[in-house]
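Everything on this sheet refers to the single structure shown next.
Lettering follows sequence order; numbering is per chain, from 1.
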2 protein chains.
Amino acid sequence: MDADKINEVRQFNRFYTRTLQLTNKYHLGTGLTVLESRLLLEIYENKLRTANELVALLDIDKGYLSRVLKSLQKRGYIEQTIDDADKRSKLLALTTLGHNTLNTINKRADQQVDQLFSDLSDQEIEQVISAMDFIQKKVNLS
Amino acid sequence: MDADKINEVRQFNRFYTRTLQLTNKYHLGTGLTVLESRLLLEIYENKLRTANELVALLDIDKGYLSRVLKSLQKRGYIEQTIDDADKRSKLLALTTLGHNTLNTINKRADQQVDQLFSDLSDQEIEQVISAMDFIQKKVNLS
DNA sequence: CCTAATTAGTTGACAAAAGCAACTTTTTTA
DNA sequence: TAAAAAAGTTGCTTTTGTCAACTAATTAGG
């Protein structure tokens with residue numbers, strides 16, 4: 001990559017990360033923090049089944065995670081049931097409330113995306129999408 | 001946009017936000033938190049001159065910001081001088097250390113981007129960049 | 001088998017980050 | 001020129017996150 005191109009990508013990367021929220025206030029109008037909604041997402045969409053898997057993926061303290069999960073359970077977003085195959089483990093699953101909340105979060109994130117794309121032509125959208133595809137494939141490989 | 005396309009973009013958006021760090025550990029190997037490095041960036045690259053402007057942009061508590069800025073000053077990253085035109089305000093500026101640190105952060109972020117793109121063909125890179133360009137223009141307008 | 005090491009998760013104690021409200025000083029408004 | 005507003009600070013509290021010691025269940029090695 002030549003210097004000009006590097007610079008464009010750098011600008012984009014800074015731009016993208018700058019649009020994200022910095023502090024941990026409630027996320028997209030739901031009663032969840034950024035971490036909590038990420039946990040719901042990983043449990044449901046990425047099929048992570050135990051606290052241990054979440055710790056490995058997200059690189060957070062297991063003691064802290066234990067408490068966050070307990071709080072999510074108390075507030076009715078998830079269920080934790082002891083795994084009969086390994087009684088040290090607890091299997092994680094979303095409740096109906098958890099599902100609904102995750103759906104709300106996704107819907108709102110999608111609205112943001114819609115707005116982002118609302119003025120592009122079909123051809124431009126096509127190009128953006130295939131570009132995103134490249135990046136995503138590359139990162140998933142490494 | 002039809003449903004399939006929306007879905008692809010949604011996936012990308014979730015993917016991108018998921019690659020970002022969730023907790024506030026030291027950022028890219030420097031002695032700064034994510035918020036602190038963002039502050040340096042906004043002061044220098046976006047030319048924000050007062051705490052008040054930072055509060056408006058980032059939507060953070062002004063009391064908390066006041067303390068973070070004091071800490072950045074104490075550690076030698078910024079200077080705060082009283083604005084003679086309005087003695088309630090303090091003008092913010094990076095010190096040499098602040099500049100150097102911001103450069104380091106940018107350099108490391110760029111290395112990550114380099115790696116991200118290292119396996120793409122020239123044509124692919126071209127496409128990704130123009131895609132990013134579209135998005136960025138769109139968002140800057142809205 | 002059966003003890004030692006490992007693993008999944010919990011808990012206590014603490015530190016750092018963030019939020020809220022009351023306050024001071026300066027500037028603006030009416 | 002007094003009252004209201006604005007910029008920033010400070011005290012107090014809550015939330016978030018870290019670290020290390022702990023329990024209970026499982027696995028590995030002799």
Atom pair distance, as rounded to whole Å: [atom1] in [X] and [atom2] in [N]:
X: B:Tyr64; N: C:dC20; atom1: OH; atom2: C1'; answer: 15 Å
X: A:Lys87; N: D:dT23; atom1: NZ; atom2: P; answer: 21 Å
X: B:Leu69; N: C:dA18; atom1: CG; atom2: C1'; answer: 14 Å
X: A:Asp59; N: D:dG17; atom1: CG; atom2: P; answer: 13 Å
X: B:Asp86; N: D:dG8; atom1: CG; atom2: P; answer: 8 Å
X: A:Asn52; N: C:dT6; atom1: CG; atom2: P; answer: 16 Å
X: B:Ile82; N: D:dA7; atom1: CD1; atom2: C1'; answer: 11 Å
X: B:Leu65; N: D:dA7; atom1: CG; atom2: C1'; answer: 11 Å

A:Ile78 versus A:Leu69: any side-chain heavy-atom pair under 4.5 Å?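 With C-beta onward as the side chain, the pair touches.
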
Do A:Gln73 and A:Lys90 come close enough that some side-chain heavy atom pair is under 4.5 Å?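 Answer no - side chains too far apart.
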
Nearest to the side chain of [X], which nucleotide is it out of [options]?
X: B:Ser66; options: D:dG8, D:dA25, D:dG11; value: D:dG8
X: A:Arg67; options: D:dT18, C:dG9, D:dT16; value: D:dT18
X: A:Arg88; options: C:dT11, D:dT26, D:dA5; value: D:dT26

Can A:Glu45 and A:Asn106 be said to form a side-chain hydrogen bond (donor to acceptor under 3.5 Å, both in side chains), step by step? CA-CA 11 Å; A:Glu45 292 182 20; A:Asn106 283 338; 2.9 Å; yes

Reckon A:Asp61 touches a base, only the sugar-phosphate, or nothing at all at heavy-atom distances under 4.0 Å?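 Base contact.
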
How would you label the contact of B:Lys62 with the nucleic acid (heavy atoms, under 4.0 Å): base, sugar-phosphate, or nothing?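 Base contact.
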
Report, as yes or no, whether the 6.0 Å neighbourhood of atom NZ on B:Lys74 holds more than 12 heavy atoms from other residues, nucleotides or ligands.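 No, the 6.0 Å shell around NZ holds no more than 12 heavy atoms from other groups.
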
Counting only heavy atoms not in A:Ile82, do more than 12 fall under 6.0 Å of its CD1?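 For A:Ile82, atom CD1 is not crowded (no more than 12 foreign heavy atoms under 6.0 Å).
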
I want to confirm an ordering. Mapping A:Asp84 and A:Val68 to their closest nucleotides on DNA chain D, which one lands closer to the 5' end? A:Val68

